[in-house]
Amino acid sequence: MHDPYPIPLLAVNIHTAGGAIVVTATGEIDLNSAPVLERALREVLAQHPETVVVDLSAVSFLGTTGIAVLLTAAQSCRQPMRLVPSYPARRPLEVTGAAQLFILYENLDLVTEPTRNQAIRTSVIES
């Protein structure tokens with residue numbers, strides 16, 4: 001039976017916080033869903049922001065395709081990209097050595113000043 005309300009595999013939200021642009025990913029980042037994150041990061045980087053934060057604190061899986069998307073985006077950042085990884089996201093970043101190429105934070109509050117966040121766009125990919 002087909003579920004008329006499938007659970008999204010990955011949702012991506014873009015907002016501003018404390019002078020940074022924050023890309024928040026929720027769900028799984030794998031071969032099928034990584035293009036959603038890639039499009040969001042491309043859109044953000046086209047604005048040439050000073051600081052980019054990728055909030056992965058609600059990511060339950062980060063595959064190698066997702067890591068490749070993050071590494072490619074990091075090459076276009078003016079400053080080192082900041083990540084807020086969940087344990088399931090942090091582990092593959094550390095095992096592959098990619099964690100050394102980012103600034104990692106325990107939570108989003110440590111990266112940005114508490115300010116009124118303004119939503120820019122939300123994207124969802126269905127599984």
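Once rounded to the nearest 0.5 Å, the distance linking NE2 of His15 with CD1 of Ile21 reads 10.5 Å. If you take CG on Leu31 and OG1 on Thr64, they are separated by 8.0 Å, rounding to the nearest 0.5 Å. The structure places OG of Ser60 at 9.5 Å from CG of Asp30, a figure rounded to the nearest 0.5 Å. Of the inter-residue distances, the one linking Leu45 atom CG with Ser76 atom OG reads 5.5 Å to the nearest 0.5 angstrom.
Taking 4.5 Å as the limit, some side-chain heavy atom of Leu70 sits within range of a side-chain heavy atom of Leu37. Side-chain atoms of Tyr105 and Leu83, non-hydrogen and from C-beta on, never get closer than 4.5 Å to each other.
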What pairs of donor and acceptor atoms, side-chain ones from residues 48-57 against any protein atom, are under 3.5 angstrom apart with sequence neighbours left out?
from: Glu50; atom 1: OE1; to: Arg78; atom 2: NH1; distance (Å): 3.4
from: Glu50; atom 1: OE1; to: Arg78; atom 2: NH2; distance (Å): 3.2
from: Glu50; atom 1: OE2; to: Gln79; atom 2: NE2; distance (Å): 2.9
from: Asp55; atom 1: OD1; to: Ser57; atom 2: N; distance (Å): 3.0
from: Asp55; atom 1: OD1; to: Ser57; atom 2: OG; distance (Å): 2.6

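The two residues Ala89 and Pro85 come nearest to each other via the heavy atoms CB-CB, 4.0 Å. The shortest heavy-atom contact between Ala98 and Leu71 is CB-CD2, 4.2 Å. Heavy-atom minimum distance, Leu10 versus Ala25: CD1-CB, 4.0 Å.
Proximity of a side-chain donor or acceptor of Thr96 to a complementary backbone N or O of Leu93 within less than 3.5 Å is detected. Judged by distance alone, with hydrogens and angles left aside, the side-chain atoms of Ser86 form a donor-acceptor pair with the main-chain N or O of Val59 at under 3.5 Å.
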Report the C-alpha separation of Ile14 and Glu43 in whole Å, then their side-chain angles, then the decisive distance to 0.1 Å, and conclude whether the side chain to side chain contact (heavy atoms under 4.5 Å, CB included) test is met. CA-CA 10 Å; Ile14 303 169; Glu43 179 182 311; 3.8 Å; yes
Could you check Val69 against Ile29 for side chain to side chain contact (heavy atoms under 4.5 Å, CB included), going step by step and ending with a plain yes or no? CA-CA 10 Å; Val69 166; Ile29 304 173; over 6 Å; no
Evaluate the side chain to side chain contact (heavy atoms under 4.5 Å, CB included) criterion for residues Ile67 and Thr65: first the C-alpha distance (whole Å), next the side-chain angles of each, then the deciding distance (0.1 Å), finally the verdict. CA-CA 5 Å; Ile67 293 171; Thr65 305; over 6 Å; no
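Within the structure, salt bridge (Lys or Arg N to Asp or Glu O under 4.0 Å) pairs that include any residue of residues 82-106 comprise Arg90-Glu94, Arg90-Glu106 (at least two apart or interchain).
Under the 4.5 Å side-chain heavy-atom criterion for grouping Ile, Leu, Val, Met, Phe, Trp and Tyr, Leu110 is connected to Val22 within one hydrophobic cluster. Placement of Phe61 and Val84 in two distinct hydrophobic clusters is found when ILVMFWY residues are connected by side-chain heavy-atom separations under 4.5 Å, directly or transitively.
Among residues two or more places apart in sequence or in another chain, the salt bridge (Lys or Arg N to Asp or Glu O under 4.0 Å) test is passed with Glu28 by none.
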